[in-house]
Number of protein chains: 2
Amino acid sequence: MIEKEIRVAVIDDEASIRESLRHWCNWQTGFQCVGAWQTVPDALAAIPWIQPQVLLLDLHLADSESVESIPALKSKVPDMAVMMLTGEDDYYWVEQALQRGADGYLTKKNATDLLARAIRDVLLGGSPLTPDVSRKLIAAHINASPDSARLDQLSPRERMVIAKLAEGMVYKEIAEHFGISIETVRTHSRRIFKKLNVGTKTEAVLKYLKSIRPNGAPPGC
Amino acid sequence: MIEKEIRVAVIDDEASIRESLRHWCNWQTGFQCVGAWQTVPDALAAIPWIQPQVLLLDLHLADSESVESIPALKSKVPDMAVMMLTGEDDYYWVEQALQRGADGYLTKKNATDLLARAIRDVLLGGSPLTPDVSRKLIAAHINASPDSARLDQLSPRERMVIAKLAEGMVYKEIAEHFGISIETVRTHSRRIFKKLNVGTKTEAVLKYLKSIRPNGAPPGC
DNA sequence: ATACGGATCCCCCATTTGTGGGACTTTTGG
DNA sequence: CCAAAAGTCCCACAAATGGGGGATCCGTAT
């Protein structure tokens with residue numbers, strides 16, 4: 001039945017926490033820790049071979065590294081669940097993490113007694129959040145369109161570029177339109193993709209249209 | 001100054017008209033006829049080498065061949081102007097031709113006295129239309145979304161595919177979603193592009209969204 | 001002064017896309 | 001039943017795209 005144990009991996013730069021999570025997993029029945037890395041790059045290199053089902057990701061890795069890396073991590077193992085672990089419940093990071101594809105978000109203080117259940121929940125498609133997190137999430141969601149805000153992260157030039165993308169123009173046409181190199185357009189697009197957290201022109205355009213007219217004015221306007 | 005003459009080409013299956021247009025061009029000062037073909041395939045083979053500036057295209061080639069071929073012709077010589085010539089002013093064909101990239105549309109009866117000016121106009125970026133044509137164009141435009149009709153030219157499967165494209169999915173994802181080969185998805189897409197008269201996924205999605213909700217409901221609905 | 005974001009451009013590389021064929025089976029409408 | 005349309009799959013090739021670097025220049029903020 002070692003085959004049926006839930007394969008859990010850990011990323012935490014703090015050795016003590018990392019190790020205690022590892023030991024906790026292996027001690028719990030039904031879980032096995034298949035990896036525990038200190039840094040995201042280490043994990044990125046390993047998880048494609050390890051194929052964990054759940055990744056416990058510490059929010060406290062140097063500044064925003066952990067949150068930024070969620071898309072990359074999930075792309076390596078698409079149906080791996082990412083569970084954020086954090087000490088504080090700074091809502092800014094909650095939002096950032098969830099927008100980037102985190103599946104759960106637990107504050108560490110009450111993590112240990114909830115973690116086993118949370119891991120099982122997340123594998124069943126749930127989004128386990130500790131109560132303090134979900135309270136803030138709900139509060140923020142009643143009046144905010146999470147994606148619209150992303151647009152003002154775009155620089156003026158990037159806005160001009162995505163506007164043209166949203167007219168169906170290809171890179172070469174946009175370059176000619178603005179009298180710049182196609183390489184510049186590609187650079188702008190790559191940054192737009194990163195900021196909008198998408199991977200293709202079409203996805204970017206869809207998010208752009210949603211953001212620019214959440215109420216739904218015709219594309220021609 | 002033979003270099004500064006406007007290079008005109010003709011496609012017309014009726015020999016008498018074709019020849020009279022050729023002679024007319026060469027007789028007019030400032031024009032030279034650089035080609036006169038009976039069929040579209042003949043022209044397609046020749047124009048890349050000839051590089052005409054203006055192509056006079058008879059609408060009366062066997063059924064829809066001439067209109068259908070406008071995109072192909074323009075793709076061979078991207079900045080060549082295509083001027084439609086027709087006896088009648090059946091608005092259906094006017095619309096079809098303009099949608100496919102025709103730059104001008106003249107009815108033959110009053111063509112000869114306007115043709116010289118129309119050719120010069122079209123090269124300056126204008127869209128010369130005989131009055132009867134423009135009247136119908138305007139009438140049709142006040143209350144019609146010309147593109148919406150195009151969607152029901154799509155087969156059921158093609159509609160399913162473009163619906164997924166409009167969710168930002170890439171070919172491989174669509175293939176997996178429907179459990180078919182990526183080649184099949186590509187084939188569907190090619191036919192969708194042809195029917196919607198576009199060249200890229202993004203353009204297709206934009207037309208699709210416009211057609212599916214001309215009033216502009218949010219993409220999420 | 002110097003660090004930083006924005007804008008510009010360049011190279012490389014793997015993958016995806018767009019386009020042209022062709023071919024086979026299954027529906028479907030006369 | 002037969003022809004047309006739809007759906008499926010394949011090959012091949014050029015172009016476009018999506019990332020990954022890195023580099024330069026210019027303002028502005030620190």
Side-chain angles (χ1 to χ4, degrees), chain A residues 40-41 44-45 48 63-64 68-69 71-76 78 151-165 168-205 207, chain B residues 40-41 44-45 48 63 68-69 71-76 78 152-166 168-207:
Chain A
V40 169
L44 279 174
D63 33 305
S64 64
E68 296 289 349
S69 62
L73 289 163
K74 298 210 75 164
S75 74
K76 298 285 183 185
L151 265 204
D152 48 52
Q153 296 186 357
L154 299 185
S155 76
R157 201 54 157 174
E158 286 163 354
R159 264 191 283 271
M160 295 168 73
V161 168
I162 198 172
K164 293 305 166 190
L165 286 177
M169 290 174 79
V170 297
Y171 293 159
K172 197 196 291 186
E173 292 169 337
I174 297 175
E176 285 163 6
H177 177 80
F178 290 131
I180 60 180
S181 157
I182 190 176
E183 289 301 325
T184 309
V185 178
R186 276 152 54 75
T187 302
H188 284 319
S189 300
R190 259 184 300 137
R191 300 201 174 130
I192 291 171
F193 294 172
K194 191 156 288 186
K195 288 180 179 176
L196 296 188
N197 188 222
V198 296
T200 68
K201 239 191 313 186
T202 308
E203 273 186 296
V205 167
K207 279 214 175 184
Chain B
V40 169
L44 279 173
D63 32 305
E68 296 289 350
S69 62
L73 289 163
K74 298 209 77 164
S75 75
K76 298 287 182 183
D152 48 54
Q153 296 186 356
L154 299 185
S155 76
R157 201 55 157 176
E158 285 163 354
R159 263 189 283 270
M160 296 169 73
V161 168
I162 198 172
K164 293 305 165 191
L165 286 178
M169 291 174 77
V170 297
Y171 293 159
K172 197 196 290 187
E173 293 169 335
I174 297 175
E176 284 162 6
H177 181 268
F178 290 131
I180 58 180
S181 157
I182 190 177
E183 288 302 325
T184 308
V185 177
R186 277 151 55 76
T187 301
H188 285 319
S189 299
R190 247 177 320 139
R191 298 195 177 137
I192 291 170
F193 294 172
K194 191 156 285 185
K195 287 180 180 176
L196 296 188
N197 190 223
V198 297
T200 68
K201 242 192 311 187
T202 308
E203 274 187 295
V205 167
L206 288 169
K207 280 214 174 183

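Proteins come first, then strands; the chains are lettered A, B, ... in the order of their sequence lines, and each starts at number 1.
Computed from coordinates, the B:His188 NE2 to C:dT17 P distance equals 16 Å when rounded to whole Å. Protein atom CD of A:Glu158 is 13 Å distant from nucleotide atom P of C:dG5, rounded to whole Å. Separating the NZ atom of B:Lys195 from the P atom of C:dT19 is a distance of 16 Å, rounded to the nearest angstrom.
In this structure, A:Lys194 and A:Arg190 have side chains that are not in contact, with every pair of non-hydrogen atoms separated by 4.5 Å or more. Residues A:Val170 and B:Thr200 form a side-chain contact, since some pair of their non-hydrogen atoms from C-beta on lies under 4.5 Å apart.
Taking NE2 from B:His177 and CE from B:Met169, the interatomic distance works out to 5.5 Å, rounded to the nearest 0.5 Å.
Listed here is the closest heavy atom pair of B:Thr202 and A:Gly168: CG2-CA, 4.4 Å. Pairing each heavy atom of A:Leu165 with each of A:Ser189, the nearest pair is CD1-OG, 4.3 Å. Residue B:Tyr171 comes nearest to B:Val185 through the heavy atom pair CD2-CG1, 3.9 Å, listed as atom of the first residue, atom of the second, then distance. The shortest heavy-atom contact between A:Phe193 and A:Ala204 is CE2-CB, 3.7 Å. The two residues A:Lys207 and A:Leu196 have their closest heavy-atom pair at NZ-O, 3.4 Å.
For B:Glu183, the side-chain contact (heavy atoms from CB on, under 4.5 Å) test picks out B:Ser181, B:Arg186, with sequence neighbours left out. In this view, A:Glu158 and A:Leu154, A:Ser155, A:His188, A:Arg191, A:Ile192, A:Lys195 satisfy the side-chain contact (heavy atoms from CB on, under 4.5 Å) rule, not counting sequence neighbours.
Using a 4.0 Å cutoff to heavy atoms of chain A, the contacted part of DNA chain D runs 5' to 3' from D:dA16 to D:dG21.
Toward the 5' end of DNA chain D, the nearer of the two residues B:Arg157 and A:Ser189, judged by each one's closest nucleotide, is B:Arg157.
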*What does nucleotides 20-30 of chain C look like as a protein-contact string, B for base, S for sugar-phosphate only, - for none, at under 4.0 angstrom between heavy atoms?*
BB---------
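DNA chain C lies under 4.0 Å from at least one heavy atom of each of the following residues of residues 171-181 of chain B: B:Tyr171, B:Lys172.
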